[in-house]
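Throughout, protein chains are lettered first and strands after them, A, B, ... in sequence-line order, and every chain is numbered starting at 1. Values below: every heavy atom of this structure, side chains too, minus hydrogens, waters and symmetry copies.
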There are 2 protein chains.
Amino acid sequence: MGASKADFFSEEQNEIASLFKAISHPARVAIIEYLLKVDSCICGDIVNELPLAQPTVSQHLKELKNANIIKGNIEGTAICYCLNPDTMQKLENYFSGISKELKTKCC
Amino acid sequence: MGASKADFFSEEQNEIASLFKAISHPARVAIIEYLLKVDSCICGDIVNELPLAQPTVSQHLKELKNANIIKGNIEGTAICYCLNPDTMQKLENYFSGISKELKTKCC
DNA sequence: TTATTATATTGCAATATTACGATATAACAA
DNA sequence: TTGTTATATCGTAATATTGCAATATAATAA
């Protein structure tokens with residue numbers, strides 16, 4: 001079906017999965033890494049940086065914003081985007097939690 | 001088109017994206033968390049744990065295995081699956097690297 | 001050998017994602 | 001007002017993912 005059996009899984013599992021889905025596309029990874037590189041928050045520079053049309057970039061930004069991975073502030077005509085440190089921390093914590101619990105013995 | 005413009009993006013960006021794609025589905029998050037919970041590595045127990053048919057679970061396991069997120073060892077008729085600590089470490093490092101570089105000042 | 005158990009693969013329908021041209025909106029400048 | 005710039009949304013075609021029934025494979029047991 002391709003549909004989500006999301007109802008069965010826990011809130012947390014669905015939330016984590018959708019966070020990762022937001023960064024599961026190379027264009028969105030590239031956006032994140034670009035936002036990390038440039039100190040000042042940028043906007044339509046991303047369109048010049050990526051090999052994608054403006055509507056496509058806008059769509060990717062929307063997904064990242066919906067997932068709370070980036071924030072966007074209006075600055076006159078432009079929009080200033082930047083990474084959301086809270087979400088980055090949350091993602092780091094998820095894996096450090098796994099590392100801590102993970103037994104070394106395995107099959 | 002839905003197709004990947006993967007050729008433009010860097011090797012690293014494509015690799016990171018496909019790692020996250022592997023854990024971007026609640027069923028696969030649930031599998032990871034179940035593998036973390038049970039000390040001993042399991043196999044078809046996952047089918048009983050999840051609300052999905054055996055072929056569907058098998059498909060999800062295959063994706064996790066292809067992404068190097070889990071390992072599978074044959075044990076007689078069964079297959080023993082477990083998390084791959086190296087990949088978990090890699091994912092943790094990716095986000096701790098971001099946290100380290102991330103400026104607090106933002107828009 | 002046949003039967004059983006555990007897992008994988010195939011084929012396909014339902015659904016979701018990706019990309020972009022065309023168009024809309026919103027803020028500012030002249 | 002009109003024009004310009006920056007971004008968002010709509011509509012849609014191409015492609016990818018998800019889920020499962022049916023079937024195949026592989027290891028062991030009887």
Measure from [atom1] on [X] to [atom2] on [N] and round the result to the nearest Å.
X	N	atom1	atom2	answer
Gln59(A)	dT23(C)	CD	C1'	15 Å
Leu64(A)	dT17(C)	CG	P	14 Å
Leu50(B)	dT7(C)	CG	P	13 Å
His25(B)	dT15(C)	NE2	P	14 Å
Phe8(B)	dT18(C)	CZ	P	17 Å
Asn66(A)	dT9(D)	CG	P	9 Å
Lys21(A)	dT18(D)	NZ	C1'	10 Å
Glu63(B)	dT9(C)	CD	C1'	14 Å

Handout entry: Centroid-centroid distance, Phe9(B) to Tyr34(A), less than 6.0 Å
Key = no
Using a cut-off of strictly less than 4.0 Å, decide whether [X] has a side-chain nitrogen or oxygen near OP1 or OP2 of [N].
X	N	value
Lys62(A)	dT7(D)	no
Thr77(A)	dA6(D)	no
Ser58(A)	dT7(D)	no
Tyr81(B)	dA8(C)	yes

Exercise for the section: Using only heavy-atom distances, decide whether a donor-acceptor pair under 3.5 angstrom links the side-chain of Gln54(A) to the base of dA8(D). Expected result: yes
Exercise for the section: Kindly compute the distance separating CG (Leu91(B)) from OG (Ser99(A)), expressed to the nearest 0.5 Å. Expected result: 9.0 Å
Could you check which of [options] has an atom nearest any side-chain atom of [X]?
X	options	answer
His60(A)	dT18(D), dA19(C), dA8(D)	dA19(C)
Ile79(A)	dC20(D), dA26(D), dA8(D)	dA8(D)
Pro55(A)	dG21(C), dC20(D), dT7(D)	dG21(C)
Leu52(B)	dG19(D), dT5(D), dA8(D)	dG19(D)

Problem - Donor-acceptor pair, side chain of Gln13(A) and main chain of Ser10(A), under 3.5 angstrom - result: yes
Exercise for the section: State whether the side chain of Arg28(A) and the backbone N or O of Ile23(A) hold a donor-acceptor pair below 3.5 Å, judged by distance alone. Expected result: no
Fill in the blank from the handout: Contacts of Thr56(A) and Ile42(B) projected onto DNA chain C by closest heavy atom; the upstream (5') one is Ile42(B)
Handout entry: Test item: Glu15(B) and Lys90(B) side chains (from C-beta on) under 4.5 Å apart, heavy atoms
Key = yes
Practice task
Could you tell me whether Glu75(B) contacts a base, only the sugar-phosphate backbone, or nothing, with contacts defined as non-hydrogen atoms closer than 4.0 Å?
Solution key: nothing
